[in-house]
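What follows is one structure encoded as structure tokens, with my remarks underneath.
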Amino acid sequence: MNNYEKLANLIFPDITETIEDLEKRYPARDLPEGAKVTRFAPSPTGFLHTGSLFASMISRKMAKDSNGVFYTRLEDTDQKREVAGSGDSLIDQLNKFGVTPDEGYLGTDKEKGNYGPYVQSLRANIYKVVIKYMLANNMAYPCFCSPEELSEMRKVQEAKKENFGYYAEYAKCSKLSAEEAIERIEKGENFVIRFRSQGDYHNKVAIDDAIRGHIEMAENDQHLVIYKSDGLPTYHFAHLVDDHFMRTTHVTRGEEWMPSLPMHIELFNSMNWQAPTYAHLPVIMKLDNGNRRKLSKRKDLEAAVSFFLEQGYPIEGFMEYLYTIANSNYEAWRIENPDLDKDEFKFSFDKMSLDGALFDLAKVQFLCKEKLGRMNTETFFNESRQWASVYSPELFELIEENPGFYKQIVSIEREKENPRKDYEKYSDILPLIKFFYNNYYNELVKELIVPENYTQENINEVLTKYVESFDLSLSEEDWFNHMKEVAVECGYATNRKDYKKNPEAYKGQVSDVAAILRLVVTLRLQSPNLYFVMQILGKEEVTRRIKNFIK
Ligand code: GLU
């Protein structure tokens with residue numbers, strides 16, 4: 001046994017598995033040629049960022065399009081930064097947006113698949129096997145430098161205007177012999193384990209990024225920590241081990257990981273493992289007073305996907321939007337294929353813009369309005385009810401009191417060629433339908449302000465005539481004709497042309513009468529088709545509202 005092996009055994013006496021054992025335990029996946037294995041690997045440190053949803057949606061789509069596998073892995077090695085419960089809520093939100101994993105960590109301690117465990121803190125022994133191998137082969141070494149020594153070193157680097165970090169001459173413990181290291185460990189000194197980089201910052205490493213194409217970056221020369229004093233690896237090292245043994249073929253992640261790329265490449269090369277294909281996504285931007293800036297966790301509500309869930313944007317509309325910013329040819333495809341499921345569109349990395357996708361809330365709203373407008377009554381009923389059960393107790397109570405009544409309300413002008421587009425999100429529903437409910441109506445009517453161009457006298461005259469004679473069993477056309485008759489009797493012009501020609505001769509035109517009726521019945525100047533509204537409210541209630549108003 002040589003000294004490096006002795007050192008490895010001293011540090012990890014209980015680790016008996018070898019790299020070969022792991023290769024056998026996690027064999028190459030049995031997938032069709034060209035199948036992509038992708039993953040979403042969140043750290044449980046907060047909420048699901050819109051950018052992360054975007055990246056994971058692309059990962060899932062790439063796997064789906066190639067009959068591959070999309071899996072989830074929880075990266076919880078930085079336990080100081082962990083926010084309790086956030087891992088499960090990240091996975092839950094991912095599922096809500098339809099980005100469902102084929103395998104991996106499924107939340108609430110459940111997982112599925114043969115390449116687990118999929119939670120990094122449960123993989124400590126797997127990492128140790130690889131670290132032990134690296135120690136035994138002098139590819140890694142224990143570092144005894146104290147935090148004080150490291151900050152001293154940083155000051156020197158700052159003064160000399162040199163790169164920060166543990167590298168080349170600064171990598172003090174890399175110069176220790178295995179015997180010296182063994183001696184210090186036996187004396188009980190604290191240590192971490194570092195990767196022995198062979199790189200030189202003055203050399204270039206060539207990288208092919210699936211989105212950015214061929215790039216060159218300075219080689220890594222940092223002797224990064226791969227094993228911390230808490231017994232867990234750092235992110236970079238876990239990335240190497242997990243993406244190798246989980247057989248990931250494509251890593252799609254944010255461009256903030258670009259600077260780490262030379263380090264990741266060196267790690268894979270040092271083990272003679274094939275690195276995955278990387279696709280570094282441009283950051284999602286936002287227009288702020290005419291300037292482009294990053295969508296910010298602190299400043300922008302739309303940076304957290306929970307915002308869209310709480311507001312009740314329909315998932316399909318929101319995802320449609322993410323597709324449009326993911327691939328530049330998606331919108332043209334959509335125009336040609338208005339009725340196909342968006343999943344039929346095939347994603348490609350080279351149709352991704354490098355400028356940074358611009359997040360446009362107005363466009364999200366437009367697309368969501370479209371989706372909600374085209375939803376059939378049954379789906380709209382179910383989805384809005386589901387949303388209300390979580391986010392709007394007030395609406396939920398109304399629905400549950402009388403589901404049939406609510407369904408009638410939301411069915412107005414639905415399933416039509418040109419459907420009404422009232423709502424862009426489920427939270428728009430309640431304010432727009434309150435008037436249907438008597439409790440709300442009776443309160444709101446007290447605050448009704450009638451536009452000045454209608455005099456009380458004129459309004460009363462029209463309403464009195466109308467309420468005496470209206471008939472809801474008529475067809476829509478006849479119902480409307482009756483209203484016209486009432487209008488004419490009261491001195492209103494039957495059409496706009498007549499009125500314009502001789503305004504002095506009339507009190508107004510039929511549309512004014514319709515507006516008055518609408519206002520009294522719905523308390524709004526704009527509402528869904530009044531004929532249907534009256535049908536739903538029923539003759540008795542419409543009569544009550546009108547008579548009450550005349551008083
Ligand atoms: N855990 C990392 C993060 O949350 C994942 C980065 C990656 O996808 O490799 O940012």
Side-chain angles (χ1 to χ4, degrees), residues 25-32 34-77 82-83 85-123 126 210 235 238-254 257 276-279 281 304-306 308-309 315-316 318-320 322-323 326 341-347 349:
R25 190 169 359 141
Y26 304 114
R29 289 171 184 268
D30 185 16
L31 291 171
K36 295 186 173 83
V37 179
T38 63
R39 86 296 195 269
F40 175 50
S43 303
T45 51
F47 57 81
L48 182 59
H49 193 280
T50 300
S52 305
L53 176 66
F54 185 59
S56 55
M57 170 197 89
I58 290 169
S59 291
R60 175 189 159 275
K61 188 74 173 93
M62 290 297 181
K64 276 269 169 294
D65 286 352
S66 63
N67 295 313
V69 174
F70 167 65
Y71 71 89
T72 40
R73 174 172 77 224
L74 203 59
E75 306 214 316
D76 61 345
T77 57
E82 187 156 341
V83 175
S86 67
D88 286 352
S89 86
L90 284 164
I91 300 292
D92 177 50
Q93 293 184 346
L94 198 65
N95 280 301
K96 288 206 168 104
F97 284 94
V99 184
T100 38
D102 301 309
E103 70 173 51
Y105 181 65
L106 306 179
T108 56
D109 295 333
K110 282 195 286 293
E111 59 174 46
K112 171 172 137 195
N114 298 327
Y115 291 81
Y118 295 89
V119 175
Q120 288 184 332
S121 56
L122 302 178
R123 299 172 60 79
I126 299 173
Y235 162 74
H239 160 48
L240 163 78
V241 174
D242 293 348
D243 283 312
H244 174 70
F245 286 114
M246 292 180 183
R247 310 298 174 186
T248 309
T249 64
H250 289 72
V251 168
T252 302
R253 59 184 182 187
W257 291 105
T277 301
Y278 291 96
L281 288 172
V305 301
S306 54
F308 297 98
L309 293 174
I315 301 294
E316 274 300 305
F318 184 68
M319 294 313 272
E320 179 83 20
L322 291 189
Y323 270 48
D341 189 297
K342 66 179 186 327
D343 265 357
E344 307 257 335
F345 175 80
K346 294 268 178 280
F347 263 24
F349 282 120

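Remember, predicted model here, so these are calculated numbers, not experimental data.
With hydrogens and angles disregarded, a donor-acceptor distance shorter than 3.5 Å links the side chain of S66 to the backbone of K36. The main-chain N or O of V37 is found under 3.5 Å from a side-chain atom of T249 such that the two form a donor-acceptor pair. With hydrogens and angles ignored, the 3.5 Å screen pairs a side-chain donor or acceptor of D65 with a backbone N or O of F347. Using a distance-only test at 3.5 Å, with no hydrogens or angles considered, a donor-acceptor pair links the side chain of R29 to the main chain of M246.
Residue M319 holds its CE atom at 11.0 Å from NZ of K61, rounded to the nearest 0.5 Å. In this structure, CG on L48 lies 8.0 Å from OG on S89, to the nearest 0.5 angstrom. Between the CZ atom in F40 and the CZ atom in F70 there is a gap of 7.5 Å [rounded to 0.5 Å]. To the nearest 0.5 Å, the span separating CG on L90 from CG on L53 amounts to 11.0 Å. To the nearest 0.5 Å, atom OG1 of residue T77 and atom CD of residue E82 are 9.5 Å apart. Atom OG of S306 is separated from atom CG of D92 by 11.5 Å, given to the nearest 0.5 angstrom.
Side-chain atoms of T108 and K110 form a donor-acceptor pair, as typed in the model, at a separation below 3.5 Å.
The closest side-chain heavy-atom distance from Y71 to Y118 is below 4.5 Å.
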Next on the checklist: side-chain contact (heavy atoms from CB on, under 4.5 Å), that's the test. Do H239 and V251 meet it? Break it down for me.
Outcome noted: CA-CA 10 Å; H239 160 48; V251 168; 4.2 Å; yes

Checklist entry - Given Y105 and D76, is the side-chain contact (heavy atoms from CB on, under 4.5 Å) satisfied, shown in steps? => result CA-CA 12 Å; Y105 181 65; D76 61 345; over 6 Å; no

Next on the checklist: Set out, in order, the CA-CA distance, both residues' side-chain angles and the distance that settles side-chain contact (heavy atoms from CB on, under 4.5 Å) for T252 and T38, then state yes or no.
Outcome noted: CA-CA 8 Å; T252 302; T38 63; 5.5 Å; no

Checklist entry - Which is it for Y235 and Q120 under the side-chain contact (heavy atoms from CB on, under 4.5 Å) test, yes or no, and what are the steps along the way? => result CA-CA 10 Å; Y235 162 74; Q120 288 184 332; 5.5 Å; no

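Among all heavy-atom pairs drawn from S86 and G46, the shortest one is CB-O, 3.4 Å. When all heavy atoms of A35 and G68 are compared, the pair lying nearest together is CB-CA, 3.8 Å. Nearest heavy-atom pair, T277 versus A210, reported as atom, atom and distance to 0.1 Å: CG2-CB, 4.0 Å. Residues P117 and Y26 share a closest heavy-atom pair of CD-OH, 4.2 Å.
In this structure, K346 has no salt bridge (charged side-chain N to carboxylate O under 4.0 Å, His left out) partners at least two apart in sequence or on a different chain. Here R73 pairs with E75, D242, D243 under the salt bridge (charged side-chain N to carboxylate O under 4.0 Å, His left out) rule; sequence neighbours left out. Under the rule for a salt bridge (charged side-chain N to carboxylate O under 4.0 Å, His left out), the partners of K64 that lie at least two apart in sequence or sit in another chain are D102. When the ring pair (Phe, Tyr, Trp, His ring centres under 6.0 Å) test is applied to F318, the partners found at least two apart in sequence or on another chain are F97, F308. By the salt bridge (charged side-chain N to carboxylate O under 4.0 Å, His left out) test, K112 pairs with no residue at all, sequence neighbours left out.
Between H250 and F349, the two ring planes are parallel [angle under 30°; tilted spans 30° to 60°].
The side chain to side chain donor-acceptor pair (under 3.5 Å) analysis of residues 41-55, with sequence neighbours excluded, yields no pairs.
For N114, the CG atom sits in a loose shell: 12 or fewer heavy atoms of surrounding residues, nucleotides or ligands are nearer than 6.0 Å.
With V99 as reference, L94 is the one residue of L322, I91, L94 to meet the side-chain contact (heavy atoms from CB on, under 4.5 Å) rule.
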